Protein chains: 2
Amino acid sequence: MAKLQKSIDKRNALVKATIELVNNNGFHATPMSKIAKMANVSPATIYLYFENKQDLVNQTYIEVKAEYTKYAFENFDTTLSVEAGFEHIWKRIADFKLKECENAMFLAQCDNTPMIDEESRQQGIKHLQPLLDLWARGKKEGIIKPLSDYLLYAYSINPLSFLMINQKRGTFQLDKTHLEEAYQSAWSSIKACK
Amino acid sequence: MAKLQKSIDKRNALVKATIELVNNNGFHATPMSKIAKMANVSPATIYLYFENKQDLVNQTYIEVKAEYTKYAFENFDTTLSVEAGFEHIWKRIADFKLKECENAMFLAQCDNTPMIDEESRQQGIKHLQPLLDLWARGKKEGIIKPLSDYLLYAYSINPLSFLMINQKRGTFQLDKTHLEEAYQSAWSSIKACK
DNA sequence: AAAAAAAGAATGAACGTTCACTTTTATTGT
DNA sequence: ACAATAAAAGTGAACGTTCATTCTTTTTTT
């Protein structure tokens, strides 16, 4: 029997509150007291689950990133063609960013600031391997431009973050049509020219 | 004669210190005292130039953004073809992000977090008009995909931010070759297909 | 000499964290 | 089965620190 006495619910509530508050106010403007209040918990209780504030956001980051990549690669079939495989992953990622908007926003903020320890950031990248493998195959088959993975990511995946941020700000509405257009742009930018 | 007694040098030093410290530690971890120290100024002096900390970063953001767009559109010739005009602007922007790395990093951080007042953010966007005009012309001529400006920006300009951040982190080296490749990807993603 | 600019020390508020204590849950002895 | 007891989880108030900002004094400029 698992010796997990501390309520997983409380932990989850703390992580959830952290995401929401950091999204809306940024790390520097979300005091532990507010996180505790939103999670219906005493400030002191946070320290039963996390070492300190930094540890709280680090762990939150790693967890959300894991969810993200798990979602991205679910049902991914390595026997698919490179193009079909990429479309599948891309659309899963887009899906995640739309459905789990709060989580995705949190990741975007973490990835663009010195909020997170470098170590935790490294940890978060690890699970992206299936996509890198697909790209390697695509390059070998001459279907994908022979670019560094950073370039491929910058042009095919990362733009979604920009769109999502503007979606959240209300300056842009990412509907079905836009999504298909975005996918076409993403694919255009990385597919090899004939 | 201008009634500008307060030293412009001090103000500049404060802005510069703000950029450097916020880049390396984030807004929440850069106290006014450190900004003052780096600018060789008393903490109290900051308040002769800026209302408060928020005003300091807001003004810094607006100034840097203005520099950025000024640089981007310098020598821009509206009689150029859409493709040539876009290449010119794109390369000026890339140039800025490489040469004025600190400034560009600061903008990226501001644009991806709730660090800056919404009002100041709006202020910053205003000067991007020449690029939007060029795109409008490109769409009319059938040279550029008929996408929303947000999509065009997401796929052609914004990827540079991602690359720059990774450059700063040391995980990626953006040299001459990469730059040309990046430009090709940018153009591929927004040019209309024949 | 007056006024502006700058400095450093001072202040009060806010924050992360800890402490002393209570409540809840699990274990033991009968 | 059930008190009695021990251990774990949880709490609210308090602590020490840090920070943004202001106050008082000194320096510089006109």
Side-chain angles (χ1 to χ4, degrees), chain A residues 1-61 106 109-110 113-117 120, chain B residues 1-61 106 109-110 113-117 120:
Chain A
M1 202 59 223
K3 204 200 139 207
L4 187 58
Q5 306 243 283
K6 285 186 267 190
S7 148
I8 192 73
D9 291 344
K10 285 217 172 88
R11 215 196 101 104
N12 287 343
L14 284 168
V15 166
K16 192 156 178 288
T18 302
I19 293 169
E20 186 170 337
L21 288 169
V22 168
N23 269 353
N24 290 324
N25 313 315
F27 180 90
H28 80 282
T30 66
M32 295 295 258
S33 55
K34 263 193 202 157
I35 296 175
K37 197 165 284 176
M38 179 170 275
N40 284 314
V41 141
S42 158
T45 304
I46 300 181
Y47 294 86
L48 298 175
Y49 294 85
F50 303 95
E51 257 181 55
N52 49 38
K53 193 181 182 185
Q54 186 64 57
D55 183 46
L56 170 58
V57 293
N58 282 345
Q59 287 202 40
T60 301
Y61 173 76
F106 181 77
Q109 195 171 159
C110 291
T113 64
M115 201 173 102
I116 295 293
D117 285 350
S120 301
Chain B
M1 199 60 221
K3 205 200 138 208
L4 188 58
Q5 305 240 276
K6 286 184 265 186
S7 149
I8 192 73
D9 291 343
K10 284 216 173 88
R11 212 196 103 103
N12 288 342
L14 284 167
V15 167
K16 192 156 180 286
T18 302
I19 293 168
E20 186 170 336
L21 289 169
V22 169
N23 269 353
N24 291 323
N25 314 315
F27 181 90
H28 79 282
T30 68
M32 295 294 260
S33 55
K34 264 192 201 158
I35 295 175
K37 196 166 285 176
M38 179 169 274
N40 283 315
V41 141
S42 158
T45 304
I46 299 180
Y47 293 86
L48 298 175
Y49 294 85
F50 304 95
E51 257 180 57
N52 50 39
K53 193 180 182 184
Q54 186 64 56
D55 182 48
L56 170 58
V57 294
N58 282 345
Q59 287 203 39
T60 301
Y61 173 75
F106 181 77
Q109 196 171 156
C110 291
T113 64
M115 202 173 100
I116 296 292
D117 285 351
S120 302

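Note that this is a predicted model, so its numbers are computed, not measured. Within every chain, numbering begins at 1; the chains are lettered A, B, ... in the order of the sequence lines, protein sequences first and strands thereafter.
Using a 4.5 Å heavy-atom threshold, the side chains of B:M115 and A:T113 count as separate. By the 4.5 Å heavy-atom criterion applied to side chains, A:F106 and A:V15 are not counted as neighbours.
Residues satisfying the side chain to side chain donor-acceptor pair (under 3.5 Å) criterion with B:N40, sequence neighbours excluded, are absent altogether. A:Q54 is linked by a side chain to side chain donor-acceptor pair (under 3.5 Å) to A:N58, counting only residues two or more places apart in sequence or in another chain.
Within the structure, the side-chain hydrogen bond (donor to acceptor under 3.5 Å, both in side chains) test picks out the following pairs touching residues 15-24 of chain B (sequence neighbours left out): B:N23-B:E102.
Atom-to-atom, OH of A:Y49 to P of D:dA8 comes out at 14 Å; the value is rounded to the nearest Å. Here D:dG12 presents its P atom at 13 Å from CG of A:L48, a figure rounded to the nearest Å. Whole-Å rounding puts the B:L14 CG to C:dA5 P distance at 15 Å. D:dG10 atom C1' lies 15 Å from atom CG of A:D9, rounded to whole Å. Counting to the nearest Å, the P atom of D:dA9 and the CD1 atom of A:I8 are 13 Å from each other. Put simply, CD1 on A:I46 is 9 Å from P on C:dG16, counting in whole angstrom units. Here the P atom of nucleotide C:dG16 and the CG atom of A:L21 are 11 Å apart, to the nearest Å.
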Going by atom type alone, with no hydrogens or angles, which donor-acceptor pairs under 3.5 Å involve a side-chain atom of residues 25-37 of chain A and a protein atom two or more places apart or on another chain?
unit_1	atom_1	unit_2	atom_2	d
A:N25	ND2	A:L21	O	3.3
A:T30	OG1	A:F27	O	3.2

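Contact between A:L14 and A:A39 at its shortest, heavy atoms only, is CD2-CB, 3.7 Å.
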In B/S/- notation, 5' to 3', how is nucleotides 19-24 of chain D contacted by protein heavy atoms closer than 4.0 Å? SSBBB-
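With hydrogens and angles ignored, the 3.5 Å screen pairs no side-chain donor or acceptor of A:Y49 with any backbone N or O of A:N12.
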Structure string for DNA chain D in dot-bracket form, Watson-Crick and G-U at under 3.5 Å, | interchain: ||||||||||||||||||||||||||||||
